[in-house]
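I have placed the structure first, in the form of structure tokens, so that the comments after it can refer back to it.
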Amino acid sequence: MESYPDAAGPRYSGDHRPVGPVAVEAPSSVTVVTFNLAFAEHVTEAITALTRPPLADADVILMQEMDAPSVERIARELGRAYVYYPASVAKDGDDFGNAVLSRWPITADEKINLPHDDPYHQQHRIAVAATLDLQGTPVQVVSVHGATPIVGLGARLDQAETVIHAVEGAAPLQVIAGDFNTSDPGSLKQTVKLFSDRGFQWASEGVGDTVDSIIGGLPLDSVFVRGLSPVERGVDPNPSGSDHQPVWVRFAWP
């Protein structure tokens, strides 16, 4: 399976935010959504989900399992700026990677290569970090897609540690979210402990399972935060074109 280990790219970006008066007041809250779209096969359904409650007010959308045309279409139809990096080529022949879509300007971004590729499919995984300008205040958000449990819990904790280390000190306000593939017993607890030990709060605590599988519900998707206070959170149970249910967290603006 082809991978993209180059930290510089491929890279895709665009800005489809509406042209008009720029708001001068800081927001009262910021809503972040993390959404694994399952090989980006059902973009129309995803756009429908992202334009109805509870996701319609999302300021930041962190996506996984995306290809460039799908990210471009979602950003264009929702009126968002975006940056996207593929990690590898999926089994369907399309690129497979992570994106950040934002209501606010994206002033910087980077691809974070994660260690421990899948030993059977050699599938590479990454995180994508983007710095947003919220009325003069930098906020860093990171879209993460960890490996499946086949690599082992230690390897996936190493991937999470790699992300935390890569963004250390980059901004006082940080949100790290995505599909951490925490399906095996104890893995979610260990992942939460790792982030907690590094100064992050589990902002999506209590939302429950995010994937329905043949073995039951699985809590694969999480949101972690530093510097912002979560005030409301949930999983969108409505059909969204994916086996993952989008997770949303609303943060009070400091």
Indicate yes or no for a side-chain donor-acceptor contact from [X] to the backbone of [Y] under 3.5 Å, with no hydrogens or angles considered.
X	Y	result
T210	D221	yes
Q159	P115	yes
T107	T131	yes
S143	M63	yes
D236	P246	no
D67	A40	no
R198	I164	no
T51	I47	yes
D209	V211	no
Q190	L157	no

Side chain to side chain donor-acceptor pair (under 3.5 Å) between D95 and Y84, worked out: CA-CA 11 Å; D95 281 350; Y84 165 73; 4.9 Å; no
Under 3.5 Å side-chain donor-acceptor pair for [X] and [Y]:
X	Y	result
Q201	S229	no
H145	R125	yes
E77	H16	no

Ionic contact status for D57 with R250, cut-off 4.0 Å: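 Judged by the 4.0 Å cut-off on N to carboxylate O distance, R250 and D57 do not form a salt bridge.
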Can you check side chain to side chain contact (heavy atoms under 4.5 Å, CB included) on Y82 and I74, steps first, answer last? CA-CA 9 Å; Y82 78 89; I74 294 171; over 6 Å; no
Do the side chains of [Y] and [X] get nearer than 4.5 Å, heavy atoms only?
X	Y	result
E161	L194	yes
V139	V30	no
F251	P230	yes
V247	R233	no
L173	P254	yes
T31	E232	no
W104	V141	no

Does the pair Q174 and V142 meet the rule for a side chain to side chain contact (heavy atoms under 4.5 Å, CB included), with working shown? CA-CA 8 Å; Q174 292 178 311; V142 187; over 6 Å; no
By the definition side-chain contact (heavy atoms from CB on, under 4.5 Å), identify the one residue from V83, D133, L101 that meets it with I106.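 Output: one option passes, namely V83.
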For side chain to side chain donor-acceptor pair (under 3.5 Å), just list the numbers for R73 and T44, CA-CA rounded to whole Å, side-chain angles, deciding distance to a tenth of an Å, and then say yes or no. CA-CA 9 Å; R73 181 182 163 195; T44 299; 2.9 Å; yes
S70 vs E41, side chain to side chain donor-acceptor pair (under 3.5 Å): CA-CA, chis, key distance, verdict: CA-CA 9 Å; S70 300; E41 289 181 345; over 6 Å; no
Tell me the ring-ring contact (aromatic ring centres under 6.0 Å, His included) pairs involving residues 25-57, sequence neighbours left out? F39-F96
When hydrophobic residues are tied together by side-chain contacts of less than 4.5 Å, even through go-betweens, does V144 share a cluster with V33?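 Hydrophobic grouping puts V144 apart from V33.
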Audit row: L50, I61, side chain to side chain contact (heavy atoms under 4.5 Å, CB included) steps and yes/no: CA-CA 9 Å; L50 290 164; I61 306 165; 4.0 Å; yes
What verdict does the side chain to side chain contact (heavy atoms under 4.5 Å, CB included) test give for I176 and V167, after you've listed the backbone C-alpha separation in whole Å, the side-chain angles of each residue and the deciding distance to 0.1 Å? CA-CA 10 Å; I176 299 177; V167 302; 4.1 Å; yes
My understanding is that only residues two or more places apart in sequence, or in another chain, count here; which of them pass side chain to side chain contact (heavy atoms under 4.5 Å, CB included) with P10?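 Here the qualifying residues are Y4, Y12, P86.
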